[in-house]
Amino acid sequence: MNPASTWLSPLGLILPGVRRAVDVVLADFLCSKAQSAVDGRLPSEITQVLHEFVFAGGKRLRPLLCALGWHAARGSADIGPLIRTAASLEMFHAFALIHDDRSSTSPTKCRARDTGGRYRRPRRTPMSPSRRHRSSCAP
């Protein structure tokens, strides 16, 4: 059986299959990072926080758009690199959200608990009003 048949039909991409495949790649990646942390005698708490954050819900819109773009460009080769690329986009987006949480002064963000706050050191100097304004949530 062709592995691409899981995600392709005669009419195009099967989006729930792409979403599940991206989840598998993300879970495998985070599991391997957790294992390498344990092997290197490093705390595995970071990988656990990342896993909780990445799998806290969401539509996987970025990976789906990546797959749709591949399909629109008449992609027809091995779909494995596409799925890994789509998963990479999701991981990069998670990084961007965590970075935003980390650089903000708010204990909560617009949609989720502050992930970066678990590791935040108290500020020694107050944040300037202009920087505080830039780090706030947009309505």
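No hydrogens, no waters, no symmetry mates; every other heavy atom, side chains included, goes into these values.
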*asked:* Minimum heavy-atom separation for V54 and A94, please, with both atom names.
replied: CG2-CB, 3.9 Å
*How would you list all residue pairs meeting side chain to side chain donor-acceptor pair (under 3.5 Å) that involve residues 83-92, not counting sequence neighbours?*
R60-E90
*What closest approach, in Å, do A37 and P43 show between heavy atoms, and which atom pair accounts for it?*
CB-O, 4.0 Å
*asked:* Ignoring hydrogens, what is the shortest heavy-atom contact between A87 and V22? Give both atom names and the distance.
replied: CA-CG1, 3.8 Å
_Minimum heavy-atom distance V18-P63, with the two atoms named_ = CG1-O, 4.5 Å
_Straight-line distance of W70 CH2 to L65 CG, nearest 0.5 Å_ = 15.0 Å
*Identified side-chain hydrogen bond (donor to acceptor under 3.5 Å, both in side chains) counterpart of Q48 within the set E52, H51, E45*: E52
*Atom CZ in F29, atom NZ in K33: separation rounded to 0.5 Å?*
5.0 Å
*Rounded distance (nearest 0.5 Å) linking atom CG of L15 with atom CZ of R20*: 10.5 Å
*Hey, does I98 have a side-chain heavy atom less than 4.5 Å from the side chain of L50?*
yes
*Might you confirm whether atom CZ of F55 has over 12 heavy atoms from other residues, nucleotides or ligands at distances under 6.0 Å?*
yes
_Heavy-atom side-chain contact between M91 and L30 under 4.5 Å_ = yes
_Using the rule that Ile, Leu, Val, Met, Phe, Trp and Tyr join whenever any side-chain heavy atoms are under 4.5 Å apart, tell me whether L97 and I46 fall into a single cluster._
yes
*Closest heavy-atom pair and its distance - C66, L89*: CB-CD1, 3.6 Å
